[in-house]
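A short write-up of the structure that comes next.
In each ligand, atom 1 is the first atom listed, and ligand 1 is the first ligand listed.
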Amino acid sequence: MRHFTCVHDIGDLKAALREAFEIKKEPFRYSETGRNKTLLALFFDSSLRTRLSTQKAAMNLGMNVIVLDVNQGAWKLETERGVVMDGDKPEHILEAIPVMGAYCDIIGLRSFARFESKDDDYGEKILNGFIRHSGKPVFSMEAATGHPLQSFADLITIEEYKRVERPKVVLTWAPHPRSLPQAVPNSFAQWTAAAGYELVVTHPEGYELDPRFTAGARIEYDRDKAFDGAHFVYAKNWSAYTDPNYGKILSRDTAWTVDARAMSLTDDAFFMHCLPVRRNMIVTDDVIESPRSLVIPEAANRVVSAQVVLKRLLTDNY
Ligand code: AN0
Ligand code: CP
């Protein structure tokens, strides 16, 4: 694996899951693999889990880690080519990327959708810029259209808790006061399809995701019908994908908040969310605090997914 940006990069998913459980059992077995190798973890956007779990995974592999919050202390970066740089941005990303590549062996990148241009976001302009110009293996720590480390951790969690071979998994939209990217639901749909689960996606009309990610899923606008018999409920807010509403909030309807009544329609489903979560917008206190809530084990598995990916990037490239 040269880079890690989506489910296709991981190859045989079953083998990757087996590797994850092996690493979870023996996290320090490969503590020499990353010796004298440096991870540069670059954040253009905020993070708690990704920042900490990726560092922990790198440390378990014996790596050195540099973390940079690009917007705090580094020069503001111009991303357009051809502009006269007489404004507030002193450095161009076309110099900054190879410079950063010179100081490390692997680059982790967090750079959310900007909602300024759907083509730039869905063309993964920033992530692909790092792949093209850094000269180093690059992995996504949530880019514009996907959050593969999250989905990999979600699958590890589902595999640990499922009671049937092919569980019914429901991805449900829920309200949020700010415009959020489609990265988490896109990846979740793509990875659960690759895992062969039954996937139902439910949301108000107008929130249809890019069909390239939801291929094979059933879209159900009636949430009660979607929840019927579910084994896992995965809640997430996202903004509209379809034109002309790309990046917009179309609904704030709190009837979509996941509550005990909705969960009672399921087959005693587990509740999942990638976090950070806004309580009583996305999910009620009682549901997220219930014994069926997996949000903490899910977050803990982020170390495992990051460690599998880093180990493969190290062994395949160095
Ligand atoms: C981000 C998102 O929705 O993509 C990160 C989730 C892991 N969430 C927020 O910005 C609240
Ligand atoms: N789930 C997740 O990626 O969390 P952070 O945004 O805190 O990293």
Side-chain angles (χ1 to χ4, degrees), residues 4-6 39 41-58 65 67-72 108-116 118 121-122 124 126-127 139-158 171-191 201 203 207 209-210 213 234-241 246-252 256-258 271-283 288 293-307 309-310:
F4 175 73
T5 66
C6 73
L39 166 67
L42 274 179
F43 290 90
F44 283 86
D45 295 283
S46 303
S47 166
L48 173 73
R49 277 144 293 274
T50 306
R51 172 188 303 273
L52 297 179
S53 61
T54 308
Q55 287 185 69
K56 176 71 172 114
V65 186
V67 181
L68 178 64
D69 290 298
V70 182
N71 300 325
Q72 286 166 27
L109 177 68
R110 168 159 288 201
S111 177
F112 291 171
R114 295 277 169 265
F115 298 132
E116 287 160 11
K118 189 173 177 176
D121 289 344
Y122 274 72
E124 289 288 7
I126 304 290
L127 180 65
F139 67 97
S140 167
M141 300 195 299
E142 187 174 341
T145 65
H147 193 359
L149 283 177
Q150 179 65 49
S151 307
F152 189 9
D154 296 335
L155 253 56
I156 294 168
T157 313
I158 292 174
L171 168 61
T172 181
W173 181 93
H176 192 280
R178 311 241 332 247
S179 254
L180 296 187
Q182 297 99 31
V184 170
N186 282 346
S187 280
F188 185 74
Q190 194 178 43
W191 283 70
V201 185
H203 52 72
Y207 278 101
L209 292 161
D210 182 341
F213 292 97
Y234 194 97
K236 184 69 185 83
N237 172 267
W238 62 88
S239 60
Y241 165 74
Y246 179 63
K248 294 211 174 96
I249 296 175
L250 306 179
S251 168
R252 291 185 163 82
W256 282 83
T257 302
V258 178
F271 174 82
M272 299 179 75
H273 189 280
C274 63
L275 305 181
V277 73
R278 291 190 185 232
R279 283 176 175 226
N280 304 308
M281 289 289 301
I282 302 282
V283 56
I288 198 169
S293 170
L294 297 182
V295 295
I296 307 304
E298 201 182 337
N301 279 333
R302 291 292 306 277
V303 178
V304 185
S305 64
Q307 205 171 321
V309 167
L310 281 170

* Asked: In order of chain and number, which residues sit within 4.0 Å of ligand 2 by heavy atom?
  -> Ser47, Leu48, Arg49, Thr50, Arg110, His147, Gln150, Cys274, Leu275, Arg302
* Structure fact -> Value for CG (Leu42) from CE (Met141), rounded to nearest 0.5 Å, stands at 7.0 Å
* Angle class for the Phe213/Tyr122 ring planes (parallel below 30°, perpendicular above 60°, tilted otherwise)? -> perpendicular
* In a check of side chain to side chain donor-acceptor pair (under 3.5 Å) between Thr50 and each of Arg110, Gln150, Glu142, which one passes? -> Arg110
* To do: Measure the spacing between CD1 of Ile288 and CG of Leu294 and express it to the nearest 0.5 Å.
  => 11.0 Å
* **cation_pi(Lys248, Phe115) dist<6.0 Å, angle<=45** => no
* To do: Taking the side chain as every heavy atom from C-beta outward, state whether Leu68 and Phe43 have any atom pair closer than 4.5 Å.
  => no
Where does ligand 1 get N/O contacts under 3.5 Å from the protein, atom by atom?
unit_1   : atom_1 : unit_2 : atom_2 : d
ligand 1 : 3 (O)  : Lys236 : NZ     : 2.7
ligand 1 : 4 (O)  : Glu142 : OE2    : 2.6

* Can you tell me how far the CZ atom of Arg302 sits from the CG atom of Leu52, to the nearest 0.5 Å? -> 10.5 Å
* Cut-off 3.5 Å, side chains only: do Asp121 and Tyr246 have a donor facing an acceptor? -> yes
* Asked: Can you check whether Tyr207 and Tyr241 have ring centres sitting under 6.0 Å from each other?
  -> no
